[in-house]
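What follows is a set of notes on a single structure, which appears directly below.
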Amino acid sequence: MSRHLKFVQGNVACAEAALYAGLEFFAGYPITPSSEIAEFMAKRLPQSGGKFIQMEDEIASICAIIGASLTGRKVMTATSGPGFSLMQEALGYAVMTEIPCVIVNVQRGGPSTGLPTHVSQGDVNQARYGTHGEHAIVALTASTHQDIFAITVDAFNFAETYRTPVILLLDETTGHLRERLDVPKKDEIATVGRLKTSVQQGVDYHPYLPREDGRLPMSDFGGAHRYNVTGLFHDMWGFPTESPKIVYGLIRHLVDKIEHNADQMTRWKEYYTDDAPTVLISYGAASRSALHLVENRRKRGEKLGLLELQTLWPFPHALVREKCRHARAVVVVEMNMGQVLQQVKLAVDQPEKVFLANRIDGELITPTDIQNIIHVIQGKGV
Amino acid sequence: MPVRDYLRERFFPHMWCPGCGHGTVLNALLRAVEKLGLDKNDIVMVSGIGCSARISGYVDFHTMHTLHGRALAFATGVKMSRPELTVLVPMGDGDALAIGGNHFLHAARRNIDMTAIIMNNRIYGMTGGQFSPLTGYGCFGTTAPYGNVDHDFDVVELSTAAGATFVARSTTYHVIELADIIKKAITHKGFSVVEVLSQCPTNFGRRNQLGSAVEMLETYKKQTVPLNSKAAQDAPDKIRRGIFVEKERPEYSNEYKKMIRTATGES
Amino acid sequence: MAKTRLVFSGSGGQGVITAGIIIAETAVLHEGLNAVQTQSYGAEARGGATRSDVIISDAPIYFPKVVQPNILVCLTQTAYTKYVPSLRPGGLLITDTRWVSIEKTVDARRFELPLTDTVSEKIGNSVVLNIAMLGAVVRLTEVVSPDAVKKVIKNRVPKDYLELNETAFDVGFDLAKKNQT
Amino acid sequence: MSKDKPTYKEHRVEREWCKGCGICVHFCPKNVLALDQEQKVMAARPEDCICCRLCEYRCPDLAIEVICED
């Protein structure tokens with residue numbers, strides 16, 4: 001028996017990974033189905049000298065982690081749909097001020113308080129478009145505990161590398177599901193530390209002047225350099241400006257630093273996509289059902305393939321286009337009304353070959369549900 | 001002037017209107033910081049949104065201009081992470097008590113060591129004079145054209161009830177007293193609230209026939225009395241100034257430090 | 001091995017979720033198998049209908065819910081009525097005689113065990129009904145070894161309650177054995 | 001031993017910063033200050049200054065500094 005083998009919920013896998021990635025500060029507010037993450041942090045963070053605080057609401061929680069991040073800490077909060085809605089304002093602030101943080105949204109049925117103990121994947125578009133104004137965002141997901149662990153470490157690494165909030169879109173099924181987790185040994189997965197400025201005290205430090213590689217080294221609040229942070233458009237010193245040239249430059253920077261590095265952030269898994277006339281595209285809990293079906297049908301000689309997306313934003317259009325090039329039918333399996341479906345349609349050459357297999361009733365979509373839809377599609381002569 | 005060392009002079013003259021009390025609050029705050037001999041690198045100022053919030057742009061500390069009402073939540077993250085820093089949180093009355101009311105109550109309840117300065121001008125100045133939670137019954141604002149039917153909070157009572165361990169009130173007329181109170185508030189170990197009556201001649205004074213900034217300061221002079229003074233006894237209706245609460249209660253970051261010792265088995 | 005698909009059903013507070021976690025954790029940590037455990041429950045903390053799904057297999061498990069259990073445990077009549085139609089023909093049905101009366105013939109190996117009564121009689125504390133139930137399941141299915149289950153119980157249960165739980169496990173185990181003729 | 005009263009030297013005014021609100025002028029206990037033609041503060045009767053610095057403390061524009069020698 002391996003010393004690192006655990007049998008835990010997906011929420012705990014995520015929390016374990018956050019500690020592995022170097023989490024030092026967590027602020028949160030209880031909400032089903034994410035509360036296990038906060039409970040884990042309340043117990044474990046003080047044991048490693050880190051800090052957990054239960055704030056008065058989700059708004060305060062995300063604000064607190066942004067404040068803590070600015071002092072040089074790796075930070076995270078976790079919530080579900082209603083709480084994620086409340087966080088949108090400060091999510092925009094983190095985007096604008098380029099403060100690294102990780103926000104976990106264990107999705108449940110919505111809109112509104114919806115279905116607290118039931119699964120959904122309805123927040124894909126909210127993660128991308130929930131906060132106002134033009135910007136880019138990083139949103140990741142995974143379907144097994146081992147992958148949740150790895151993608152959570154990625155989330156911290158991306159947040160630090162690109163100085164951006166990263167959203168982890170888990171779901172009720174994987175969050176509450178218990179299965180095996182092999183906690184990787186130290187250094188088995190690379191972790192990215194905070195990039196700090198090498199500018200010495202007394203020399204001008206420009207908090208918002210990107211280096212040639214586009215990265216912005218940080219200086220901790222309380223450290224050698226005093227500067228300003230604001231959600232207003234700001235110049236390279238961090239002070240408010242309305243200069244059209246600077247406003248344009250900042251928006252481009254905020255979008256480009258994500259979109260231009262999309263390849264570095266694209267994570268996916270594929271199963272039998274090479275020879276499959278029907279390719280399923282799925283993510284999160286839904287992709288477990290899709291894979292179940294694919295493996296079963298393969299045993300019976302039916303050539304189904306699966307592309308499991310782990311990076312949802314920036315959406316990997318090129319990857320999807322490539323993997324679906326030879327497919328006669330593409331079936332997007334998700335638990336919403338087609339939020340990833342829309343992106344897949346944009347990605348492929350023939351949008352008319354893209355179909356939706358979904359479920360929006362709070363129940364995990366089953367392999368049979370997907371099979372039935374494939375039959376209908378095939379009945380259409382595809 | 002020694003306090004100028006704490007200013008980001010390149011942004012002066014500041015953006016506040018002629019006669020705005022907020023500049024005087026800044027003035028008094030810097031004098032308090034100077035008297036305490038604090039290092040600029042050890043001070044973090046976190047502000048919200050509104051006229052008041054612009055104060056963070058003018059001081060040469062680590063400064064964070066955040067979201068409307070959320071300054072205390074951001075500041076809580078800063079203070080928890082780096083308890084050794086001095087955290088100052090100036091807020092407007094709408095900032096602190098309307099949109100940020102809940103954050104205010106809970107920061108006070110936790111007794112986390114920071115200094116909340118409520119720059120009470122009784123109006124939303126930056127957005128053009130809409131009534132705030134401190135405007136008061138019968139006053140006028142652009143969203144109270146027939147006279148306000150909303151009642152106002154008493155900041156001192158509210159803060160006290162919420163558990164703040166230092167609660168004081170002063171005005172932009174009583175500048176020596178104000179600087180002294182802010183100094184004590186910063187030194188106090190726990191959540192400190194200083195309410196400063198700060199005139200808005202442009203959007204509150206004018207609309208309520210209170211006259212110029214000078215006349216509004218005259219009102220502060222005449223209509224307020226020191227707490228527990230003879231003048232206060234003689235005039236029960238006048239507004240009290242001074243330190244209302246100054247008490248010891250376990251401070252949040254300290255308590256958390258102890259909790260870490262329990263969790264790691266070091267205690 | 002084939003996939004073992006278990007559903008433990010009852011009402012909130014009976015501990016069916018914990019029982020599911022223990023058997024699945026045993027499979028993963030001590031038997032080198034794969035296992036997943038999920039649960040569904042209402043908003044009530046106590047008293048609502050609850051079920052805990054466990055799949056145990058030596059192959060990877062993707063879809064984590066049990067659609068058609070081959071092992072079904074029902075600790076209330078409501079759970080029995082609701083879930084018995086989903087039992088795979090030829091499967092194993094375990095019910096508690098105190099709470100469940102079998103209404104019609106099911107195509108299954110049936111064990112109507114006086115779990116609650118025996119636990120009350122021998123231990124005097126019905127809080128460990130779920131562990132006794134687990135003992136019976138382990139005996140009747142042999143999907144994991146009793147010793148391995150006890151290791152997990154030892155890790156999960158506070159020291160002061162360990163003996164109580166171990167006894168309960170044995171009570172269920174022996175009760176099943178006695179009925180296994 | 002009582003300290004000598006401070007000796008007044010000058011009012012330094014940051015003219016760019018002064019917005020001419022008149023608070024300093026109105027509340028000067030010795031009526032030292034006045035606004036000039038450009039509505040900026042100036043020491044019109046410096047000889048009367050008692051170095052109380054209330055103008056400096058009260059100035060919302062942080063535009064006044066009273067220089068005194070102790």
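Each chain gets a letter, A, B and so on, in the order its sequence line appears, and its residues count up from 1. Just so it is clear, the structure is predicted and the values come from calculations on it, not from any experiment.
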(message) Quick check for you: to the nearest 0.5 Å, what is the distance between B/L67 atom CG and A/I66 atom CD1?
(response) 7.5 Å
(message) Please check if the number of heavy atoms outside B/E84 that lie under 6.0 Å from its CD is greater than 12.
(response) yes
(request) Could you check which of B/V44, B/V59, B/T66 has the highest count of heavy-atom pairs closer than 4.5 Å to chain A? (result) B/T66
(message) Are A/Y93 and B/F74, when compared by the centres of their aromatic rings, separated by less than 6.0 Å?
(response) yes
(message) Please classify the contact of A/E24 with chain B as side chain, backbone, both or neither, using a heavy-atom distance under 4.5 Å.
(response) neither
(request) Would you indicate whether A/Y162, at its atom OH, is surrounded by more than 12 heavy atoms from other residues, nucleotides or ligands within a distance under 6.0 Å? (result) yes
(message) I need the minimum non-hydrogen distance between A/F239 and B/R10, along with the two atoms involved.
(response) CE1-NH2, 3.1 Å
(message) Quick check on A/D220 against chain B: is it the side chain, the backbone, both or neither that has a heavy atom closer than 4.5 Å?
(response) both
(request) Identify the two heavy atoms, one from A/F221 and one from B/T63, that lie closest to each other, and give their separation to 0.1 Å. (result) CZ-O, 3.3 Å
(request) Assess whether atom NZ of B/K40 is packed by more than 12 heavy atoms of other residues, nucleotides or ligands within 6.0 Å. (result) yes
(request) Measure the CD1-CE distance between A/I53 and B/M80 for me, rounded to the nearest 0.5 Å. (result) 4.5 Å
(message) Side chains of B/R110 and A/M55, heavy atoms from C-beta outward: is any pair under 4.5 Å?
(response) yes
(request) Determine, step by step, whether A/Q47 and B/I260 satisfy the side-chain contact (heavy atoms from CB on, under 4.5 Å) criterion, reporting the C-alpha distance in whole Å, the side-chain angles of both residues, the deciding distance to 0.1 Å, and the verdict. (result) CA-CA 6 Å; A/Q47 291 176 346; B/I260 288 176; over 6 Å; no
(request) Looking only at non-hydrogen atoms, find the nearest pair between A/N228 and B/H65 and report the distance. (result) OD1-N, 4.4 Å
(request) For the pair A/E56 and B/R109, find out whether any cationic side-chain nitrogen is under 4.0 Å from an anionic carboxylate oxygen. (result) no
(message) Quick check on B/D60 against chain A: is it the side chain, the backbone, both or neither that has a heavy atom closer than 4.5 Å?
(response) both
(request) State, to 0.1 Å, how close A/C63 and B/R70 come at their nearest heavy-atom pair, and which atoms those are. (result) SG-CB, 3.6 Å
(message) How close do A/G50 and B/Y256 get, counting heavy atoms only, and between which atoms?
(response) O-CE2, 3.7 Å
(message) Would you say that A/T97 contacts B/M64 through its side chain, given a criterion of any heavy-atom pair below 4.5 Å between the two side chains?
(response) no
(message) Closer than 3.5 angstrom, by distance alone: can the side chain of A/Y227 be matched with the main-chain N or O of B/F61 as a donor-acceptor pair?
(response) no
(message) For the CE atom of B/M259 and the CZ atom of A/F52, what is their distance to the nearest 0.5 Å?
(response) 9.0 Å
(message) Just to verify, what does A/L250 make a side-chain contact (heavy atoms from CB on, under 4.5 Å) with, not counting sequence neighbours?
(response) A/M96, A/E98, A/F233, A/H234, A/H253, A/L254
(request) Heavy atoms only, distances under 4.5 angstrom: which of A/D57, A/I62, A/V75, A/I65 has the most pairs with chain B? Name it, please. (result) A/D57
(message) Please give me the minimum heavy-atom distance between B/S81 and A/A68, naming the atom from each residue.
(response) OG-CB, 3.1 Å
(message) Is B/K79 close to chain A through its backbone or its side chain, or both, or neither, when contacts mean heavy atoms under 4.5 Å?
(response) neither
(message) Can you tell me which portion of A/A90 sits under 4.5 Å from chain B's heavy atoms? Options are side chain, backbone, both or neither.
(response) both
(request) Ignoring hydrogens and angles, tell me if any N or O in the side chain of A/R226 forms a donor-acceptor pair with the backbone of B/H62 under 3.5 Å. (result) no
